[in-house]
**Q** 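One structure, pasted below without further comment.
Remember, predicted model here, so these are calculated numbers, not experimental data. Values reported hereafter were calculated over all heavy atoms of this structure, with side chains retained and with hydrogens, waters and symmetry mates removed.
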Amino acid sequence: MALLDGKVAVVTGAGAGIGRAYVRALAREGAAVVVNDFAREAAEDAVAEIVGQGGRAVANVADVGALEGGASLLSSALEAFGRVDILVNNAGILRDASLVKMEEAQWDAVMHVHLKGLYSATRPIFGWMKDNGGGVIVNTTSTAGIRGNFGQSNYGAAKCGVIGFTNSLAIEGRKYGIRLWNIGPAAATALTAHMPEEYQRRFQIDRVAPTLLYMVSHLSGDQTGKTLLAGGGWVGEVRFEVHDGYEPSDDFTAEELARAVADGKVLFPDRDAKWVTAYGPSGKREG
Ligand SMILES: NC(=O)c1ccc[n+]([C@@H]2O[C@H](COP(=O)([O-])OP(=O)(O)OC[C@H]3O[C@@H](n4cnc5c(N)ncnc54)[C@H](O)[C@@H]3O)[C@@H](O)[C@H]2O)c1
């Protein structure tokens with residue numbers, strides 16, 4: 001028996017790139033898939049490939065950032081397969097520019113797909129899962145949202161926002177058996193075509209999907225609300241930690257805080273931080 005026999009998965013932005021590798025892997029493990037991509041040809045091609053190999057798949061060509069597009073993901077799954085067990089919010093775009101050069105349209109386009117798309121796609125499916133025994137939802141973050149990246153204030157804001165969305169929804173979903181994950185992939189795709197040759201060589205696209213399969217299957221038990229970075233030769237959890245901190249005196253001042261900072265009681269020492277780069281963890285801050 002395959003890992004996901006009888007399951008139904010919806011994957012957004014699955015006509016190309018990482019999403020395409022996800023739907024191949026999900027179908028190989030027995031899941032029926034709704035292949036969403038607003039690039040029609042790509043979505044239909046992915047479906048033809050899966051069906052040609054004996055899998056079950058239908059295309060959905062909606063823009064996930066539009067409310068009706070998000071709602072259509074649930075309808076596609078119910079009409080074709082009668083249920084939905086897995087949602088992977090993967091669709092994404094870049095509109096890079098340093099902030100002073102960034103036009104409103106670049107800001108809005110990124111928010112539309114990465115954040116409005118989360119709301120539009122997840123709300124209907126979360127509602128269905130809540131009434132039908134639960135499910136797993138995987139949202140897509142990026143190191144750009146965790147440590148930042150030059151020229152990506154729009155994308156970084158959206159991708160950190162994804163983590164906040166997931167954290168809250170993990171709490172809301174707990175009593176309904178709905179598990180949440182963030183995945184921060186690294187893979188050579190159209191989106192990362194600008195990255196150096198080493199990136200293209202090292203980050204083969206098929207090396208992300210095993211992490212997704214772990215997340216959406218029984219293999220991850222009841223884990224929820226966690227963030228895994230996955231790509232190339234490395235997989236690891238990222239989490240926000242709180243410093244032990246400092247308890248101010250009753251007549252607390254900014255100078256007192258400055259002394260506490262100097263004594264190492266407030267800020268994490270930079271040298272101990274493990275900074276995540278596109279290539280995995282590194283002991284020092286780069287860039
Ligand atoms: N490639 C990487 O190394 C990397 C790193 C960090 C995060 N990510 C994230 O992983 C996800 C997948 O990225 P990728 O590299 O495979 O990109 P990609 O460009 O290869 O594929 C993205 C797909 O999403 C589709 N899409 C875009 N906007 C859409 C919309 N509004 N509605 C429906 N479909 C839409 C595109 O047509 C495309 O087929 C994205 O969320 C991206 O931000 C990728």
Side-chain angles (χ1 to χ4, degrees), residues 1-14 18-19 22-23 25-27 29-37 43 50 55-60 62-92 113-141 161-183 209 211-228:
M1 186 166 158
L3 198 56
L4 298 171
D5 272 344
K7 302 286 185 192
V8 176
V10 174
V11 183
T12 70
I18 296 167
Y22 287 163
V23 289
L26 290 162
E29 289 297 341
V33 287
V34 175
V35 178
N36 160 269
D37 204 301
I50 291 167
R56 294 192 303 153
V58 292
N60 171 298
D63 168 5
V64 294
L67 274 190
E68 59 281 11
S72 77
L73 296 173
L74 176 61
S75 330
S76 289
L78 296 183
E79 275 161 28
F81 307 120
R83 55 180 300 108
V84 56
D85 305 278
I86 296 160
L87 168 64
V88 185
N89 284 304
N90 165 80
V113 185
H114 294 281
L115 287 183
K116 184 72 179 291
L118 266 192
Y119 172 77
S120 304
T122 308
R123 187 167 175 261
I125 289 179
F126 186 91
W128 191 90
M129 287 176 170
K130 174 173 172 286
D131 296 336
N132 289 278
V136 187
I137 298 172
V138 180
N139 300 322
T140 306
T141 186
V162 168
I163 297 176
F165 177 88
T166 300
N167 287 345
S168 292
L169 216 56
I171 295 168
E172 290 185 27
R174 216 176 270 272
K175 68 176 170 189
Y176 306 114
I178 305 174
R179 298 194 294 122
L180 272 292
W181 287 95
N182 293 304
I183 189 164
T211 300
L212 180 87
L213 294 178
Y214 167 78
M215 290 174 164
V216 302
S217 67
H218 67 87
L219 295 175
S220 53
D222 58 2
Q223 308 248 28
T224 188
K226 298 189 173 168
T227 301
L228 293 182

**Q** Could you walk me through whether W128 and L78 satisfy the side chain to side chain contact (heavy atoms under 4.5 Å, CB included) test, starting with their C-alpha distance in whole Å, then the side-chain angles of each, then the deciding distance to 0.1 Å, before giving a yes or no?
**A** CA-CA 10 Å; W128 191 90; L78 296 183; 3.6 Å; yes
**Q** Given F165, which of L115, L118, I137 fulfils the side chain to side chain contact (heavy atoms under 4.5 Å, CB included) condition?
**A** L118
**Q** Taking all atoms of both residues into account, what is the closest heavy-atom pair of A121 and L87, and its distance?
**A** O-CD2, 4.0 Å
**Q** Indicate whether the side chain of T141 and that of N182 have a donor and an acceptor atom separated by less than 3.5 Å.
**A** no
**Q** Under the 3.5 angstrom rule, does the side chain of N36 hit a backbone N or O of A62 as a donor-acceptor pair?
**A** yes
**Q** Test: salt bridge (Lys or Arg N to Asp or Glu O under 4.0 Å). Region: residues 117-137. Which pairs qualify, not counting sequence neighbours?
**A** none
**Q** Please tell me if the side chains of L26 and V216 come closer than 4.5 Å, counting only heavy atoms from C-beta onward.
**A** yes
**Q** If you take all heavy atoms of D5 and G30, which pair is closest and at what distance?
**A** OD1-CA, 3.4 Å
**Q** Any chance you could measure F126, atom CZ, to I178, atom CD1, to the nearest 0.5 Å?
**A** 4.0 Å
**Q** For G13, is there any backbone N or O sitting under 3.5 Å from a side-chain donor or acceptor partner on N90?
**A** yes
**Q** Output, in order, the C-alpha distance, side-chain angles, deciding distance and verdict of side chain to side chain contact (heavy atoms under 4.5 Å, CB included) for V33 and Y22.
**A** CA-CA 10 Å; V33 287; Y22 287 163; over 6 Å; no
**Q** What's the spacing between I18 CD1 and L212 CG if we round to 0.5 Å?
**A** 10.5 Å
**Q** What is the distance from atom CG of L180 to atom CG of L169, rounded to the nearest 0.5 Å?
**A** 4.5 Å
**Q** Just to verify, what does D85 make a salt bridge (charged side-chain N to carboxylate O under 4.0 Å, His left out) with, not counting sequence neighbours?
**A** R83
**Q** Give me the atom names and distance for the closest heavy-atom approach of A77 to V84.
**A** CB-CB, 4.1 Å
**Q** Check the pair S72, N60 against side chain to side chain contact (heavy atoms under 4.5 Å, CB included), reporting the backbone distance first and the verdict last.
**A** CA-CA 8 Å; S72 77; N60 171 298; 3.1 Å; yes
**Q** Is there a donor-acceptor pair closer than 3.5 Å between any side-chain N or O of E29 and the backbone N or O of L4?
**A** no
**Q** Where is the tightest heavy-atom contact between A57 and V35, given as atom of each residue plus distance?
**A** CB-CG2, 4.4 Å
**Q** Return each pair, listed once, that meets side-chain hydrogen bond (donor to acceptor under 3.5 Å, both in side chains) where at least one residue sits in residues 113-122; pairs must be two or more places apart or across chains.
**A** N89-T122, H114-K159
**Q** Measure across T224 and A170 and return the closest heavy-atom pair with its distance rounded to 0.1 Å.
**A** OG1-CB, 3.8 Å
**Q** Which pair of heavy atoms, one from I86 and one from M129, lies closest together, and at what distance?
**A** N-CE, 3.8 Å
**Q** Is a donor on one side and an acceptor on the other found under 3.5 Å between the side chain of R179 and the backbone of Q223?
**A** yes
**Q** Give the intermediate values and the outcome of side chain to side chain contact (heavy atoms under 4.5 Å, CB included) for residues L3 and H218.
**A** CA-CA 8 Å; L3 198 56; H218 67 87; 3.7 Å; yes
**Q** Counting distance only, does the side-chain N/O of T12 pair as donor-acceptor with the main-chain N or O of A91 below 3.5 Å?
**A** yes
**Q** Using modelled atom types and a 3.5 Å cut-off, is there a donor and acceptor pairing between side-chain atoms of S220 and backbone atoms of M215?
**A** yes
